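Chain naming here is simple, since letters A, B, ... match the order of the sequence lines and numbering starts at 1 in each. The shown structure was predicted, so the numbers you read here are calculated from the model rather than taken from an experiment.
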Amino acid sequence: MKEQKVRTRFAPSPTGYLHIGGLRTALYGYLFAKKHGGDFILRIEDTDLQRYVEGSVEIIYDTLKDAGILYDEGPDVGGDFGPYVQSERRDIYHKYAQELIRRGGAYYCFCDKERIESLRDENGNCRYDKHCLHLSEKEIEEKLKSGVPYVIRQNIPETGTGSYHDLVYGDISVDFKDMEDGILIKSDGMPTYNFANVVDDHLMGITHVIRGSEYLSSTPKYNLMYDAFGWERPVYIHLPPIMKDERHKLSKRNGDASYADFVEKGFVKEAIVNYIALLGWSPKENAEKMTLAEMVEKFSLDGISKSPSIFDETKMRWLSGEYIKEMSDEEFVSRGLEFFKKSKVYGKYDLNKLAALLKTRVETFGEIPEKVDFLEEFGPYDPALFTHKKMKTDLEVAKKVLPAARELLASLPSFDFQTLHDELMALVARLGMKNGQVLWCVRVAISGRESTPGGVMELAEILGKEETLRRMDFSIGMIGAK
RNA sequence: GGCCCCUUGGUCAAGCGGUUAAGACACCACCCUUUCACGGUGGUAUCAUGGGUUCGAGUCCCGUAGGGGUCACCA
C-alpha cells in the first residue's frame, strides 16, 4: 500500500454563525490532518441559495482563524484543487452527473410535484418509485429538448446491503431497500449535498471524511456513487453530537450560543477551543488544559466516544479561568480591555494594578465590570454584611472596629500597601481582636460588598485616602457607631 | 412507524474478561491565609434493565427500556 498524504476537510454551509458543533468538527479535522502531517481544507457548501445568509462566509473564515484552526487550502487562501466554493463548480457537477448516468448510477426524472405527492403512504412518507428510470432514450431526448423541468436521481439497487467501516462507530450496514433514489441535481441545476460532497471529496483528494453522525446512515448511498464511478472510497470518521441537554442537540436554530457569542461574553478563546476539543474526545493520560499544538500531538481516534455529550458551560468557564490565571497583568489588561472599557473604572484607575487583583477572582473577562464597579459606586448596603460567623464578627464588633480604624487611617501619612498593612495589623493587636474581625469589617465598610477583588489594604490603596475616609464615615454613620 | 446508532456519578469521562470502578468540573467539609479569592487535603456520588456465555462481565451475546439520528429539489 502506498503512503498517501492525509487530507481532511471542513465543509460548512454559509447559513449564519459558526456554531459550537461545527467548530468542533472543524477542529477534529484539523487535528487529525496535522497529527498525520497532512492538509486541512475548507470548502464552502453553498448549493442551497434559499438558506444562504449574507456575510456568513466571512464569519466562517474569521472564526476559524480566530480559533487558530488554520486551513491549508480554501476559498480565501487558494490551493490546487479549487474552486473551493460549490456554487462555482456547477459545470463540474454536471459533467460528473452525465457520467454517472452513463454508468447507470443515476437517471433523469421528469416527474412533477403532483406525481411525487401522490406517492405518499399512510404515514405521510413518500418514496420515489423509479418511474423515470424506465423511460426510453427517445422519450428522455424529447422531454429534454422540449424543456420539461427535470432532476437527476441516484439509481439505488432494489436489493442488497451497503456496508462500510467507520473509524469511530465500527461496521455499519444499511439495506438498499431502505434508501430512496435521492435527488443529485435539483431542477435549478444545483447539486444537492448528496452529490456534491462525493464529487468534491474525490476531486479534492480527501482521504478522511470527518463529519457529524447524522450522515452515518446515508453514507452507503455515497459509497454507491464512489463505486459506480470507480473511485476509491474515503475513510469515514463520524462524530457524536454535542447536546444542550440530554434531549436536545446544541443548535443555532434554538439560538444556542455560538463561538462568537462566548468570545463576546468574555471567555478566553483558547479555553473555548480547548473545551470543545474535550467534548467527545478524551486524550490519553488525562490531559485537560492543552494548547492547540499539544492537542495535535495527543489527538487519536480511539479517544473519540460514540455517545453524545452535553455541553457544560460551567466547566468551560473553569478552563477559561485557568487560562486567565496564568496571564501576566499586562496580557490580562490588553485581552480584557474591551470589558474594562465597559466598566465604570476605565480611565480612573491603574488597570495593571486591578488586573493583578482580578486574575484569581474572575473566570471570564465578562465579569470584570461587576467586580470593579463598586470602586465608583458606593452607597447604602445591608449592615448584615458585617456579620460573618467564621470571622467571628458582627454588627457590634463593627461598631467598635470602625471608629478606631477611621481614626487610624486618618492619621496615616502614607497610604501605600505596606503602611496600611503594618498599621492595620498593629491596630488588631491594640484592640486585642482577631485579624478577621478588623479586616473583614473595614473591607465591608469601604466596599459595601461581601466579596471584593482584593483585601482591605489593596482596596484602600486603590481608593486613596480621601475616598477611603469618606466611605468609612458613611459606614460609621449608617450603622450608628461613633 | 421503518432503518441506523448510542447508554459508567449532576456533567465531561478512564476502563477494552479478574481494578478498592481512574481523573476533571460542580457540590460539601477541613487546612492555609492579611478579610474575599488563590492554593492544599479529604468527602458525597456512576456501570439503564432482564436474560445468557464464562471459574469470573461495566467490559462479550440476545431481549427490553430510554435517548439520538435519518427517512427533503437542507446540508
Side-chain angles (χ1 to χ4, degrees), chain A residues 11-13 15 45-48 50-51 109 113 116 121-127 149-153 166 169-170 172-175 177-180 182-194 196-197 211-220 238 240-241 243 245-249 275 278-282 284-289 302-303 305-319 321 325 357-362 388 390-391 393 417 420-421 424-425 428 434-444 447 449-459:
Chain A
S13 38
T15 55
E45 308 224 326
D46 59 345
T47 57
D48 184 359
Q50 317 293 346
R51 295 206 308 159
C109 172
K113 279 243 154 52
I116 302 291
D121 64 13
E122 60 281 2
N123 287 329
N125 289 344
C126 55
R127 190 190 155 78
Y150 69 90
V151 298
I152 295 178
R153 285 183 185 272
D166 181 90
Y169 286 89
I172 306 289
S173 297
V174 183
D175 286 344
K177 67 171 165 52
D178 293 319
M179 304 176 202
E180 193 190 19
I183 290 171
L184 266 22
I185 300 287
K186 302 185 269 190
S187 56
D188 66 1
M190 279 296 210
T192 57
Y193 170 85
N194 302 308
N197 97 84
R211 62 179 29 150
S213 64
E214 64 268 29
Y215 296 106
L216 219 38
S217 48
S218 48
T219 295
H238 287 95
M243 313 289 282
D245 54 50
E246 55 189 52
R247 240 181 245 151
H248 309 278
K249 201 168 151 177
Y275 177 69
L278 259 19
L279 269 184
W281 171 58
S282 103
K284 302 257 184 282
E285 77 271 341
N286 261 317
E288 292 242 90
K289 184 166 170 293
D302 56 24
S305 59
K306 298 180 190 161
S307 48
S309 27
I310 298 172
F311 186 86
D312 182 8
E313 190 173 322
T314 306
K315 183 151 185 179
M316 183 166 78
R317 183 173 286 278
W318 164 77
L319 248 188
K325 271 176 214 139
L357 300 177
L358 253 13
K359 276 195 307 189
T360 57
R361 285 164 244 258
V362 128
H388 192 284
K390 234 173 107 182
M391 293 302 132
T393 165
F417 183 87
L420 286 161
H421 172 259
L424 280 168
M425 294 314 279
V428 167
K434 295 206 164 265
N435 292 347
Q437 292 179 301
V438 173
L439 301 177
W440 176 279
C441 289
V442 181
R443 190 175 58 81
V444 168
S447 68
R449 301 238 176 155
E450 184 177 16
S451 155
T452 50
V456 211
M457 296 136 195
E458 285 102 344
L459 295 186

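- Contact check, A/W318 against B/rC25: a side-chain N or O comes under 4.0 Å of OP1 or OP2.
- Side-chain contact between A/I152 and A/I183 is absent, with no heavy-atom pair separated by less than 4.5 Å.
- Going from the C1' atom of B/rU49 to that of B/rU44 covers 25 Å, rounded to whole Å.
- With respect to the salt-bridge test (charged N to carboxylate O, under 4.0 angstrom), the residues A/R443 and A/E458 do not qualify.
- Put simply, NZ on A/K359 is 20 Å from P on B/rC36, counting in whole angstrom units.
- Ion pairing between a basic and an acidic side chain is recognised when a charged N comes within 4.0 Å of a carboxylate O; A/D302 and A/K284 show such pairing.
- Regarding contacts with the backbone of B/rG39, a side-chain N or O of A/K325 is found under 4.0 angstrom from either OP1 or OP2.
- The CZ-C1' distance, from A/R247 to B/rG68, rounds to 11 Å in whole Å.
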Atom pairs, N/O to N/O, protein against nucleotides 12-16 of chain B, distance under 3.5 Å?
residue : atom : partner : partner atom : Å
B/rC12  : OP1  : A/I310  : N            : 3.1
B/rC12  : O2'  : A/L278  : O            : 3.4
B/rA13  : OP1  : A/G280  : N            : 2.6
B/rA13  : OP1  : A/S309  : OG           : 3.2

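- Counting non-hydrogen atoms under 4.0 angstrom, A/T393 reaches nothing in the nucleic acid.
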Output a table of nitrogen or oxygen pairs between the protein and nucleotides 72-74 of chain B separated by less than 3.5 Å.
residue : atom : partner : partner atom : Å
B/rC73  : O2   : A/S187  : N            : 2.8
B/rC73  : O2   : A/S187  : OG           : 2.7
B/rC73  : N3   : A/S187  : OG           : 3.0
B/rC74  : OP2  : A/K186  : NZ           : 2.9
B/rC74  : O2'  : A/D48   : OD2          : 3.3
B/rC74  : O2'  : A/R51   : NE           : 3.1
B/rC74  : O2'  : A/R51   : NH2          : 3.1

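- A/S13 places no side-chain N or O within 3.5 Å of a backbone atom of A/T15 that could act as its donor or acceptor partner.
- Rounded to whole Å, atom C1' of B/rU34 lies 5 Å from atom CE of A/M425.
- Searching all strands for a Watson-Crick or G-U wobble partner of B/rA65 with both distances below 3.5 Å returns B/rU7.
- Summarising the base pairing, B/rG17 is matched to no nucleotide, lacking a Watson-Crick or G-U wobble pair whose two defining distances lie under 3.5 Å.
- Pair assignment for B/rC60: B/rG52, on the basis of Watson-Crick or G-U wobble contacts that are both within less than 3.5 Å.
- Of the nucleotides present, none pairs with B/rU46 by Watson-Crick or G-U wobble criteria with both distances under 3.5 Å.
- Distances shorter than 4.0 Å separate none of the side-chain N or O atoms of A/R361 from OP1 or OP2 on B/rC36.
- The nucleotide B/rA22 finds no pairing partner, because no Watson-Crick or G-U wobble arrangement with both distances shorter than 3.5 Å includes it.
- Per the geometry, CE belonging to A/M179 stands 13 Å off C1' belonging to B/rG2, to the nearest Å.
- Remark on RNA chain B: of its neighbouring residues A/G436 and A/M316, the 5'-side contact belongs to A/M316, judged by nearest-heavy-atom nucleotide.
- Annotation: B/rU11 and B/rG63 have their C1' atoms spaced 30 Å apart (nearest Å).
- B/rG42 sits 14 Å from B/rC25 when the P atoms are compared, rounded to a whole Å.
- Shown here for A/F311 and A/L279, the closest heavy-atom pair between the two residues is CD1-CD1, 3.6 Å.
- Rounded to the nearest Å, the gap between the P atom of B/rC31 and that of B/rG69 is 49 Å.
- With P as the reference atom, B/rA48 and B/rC6 are 14 Å apart, rounded to whole Å.
- A/K177 and A/D175 are joined by a salt bridge, as a carboxylate oxygen and a charged side-chain nitrogen come within less than 4.0 angstrom of each other.
- Checking B/rG2, B/rC36, B/rU70 against the side-chain heavy atoms of A/S217 singles out B/rU70 as nearest.
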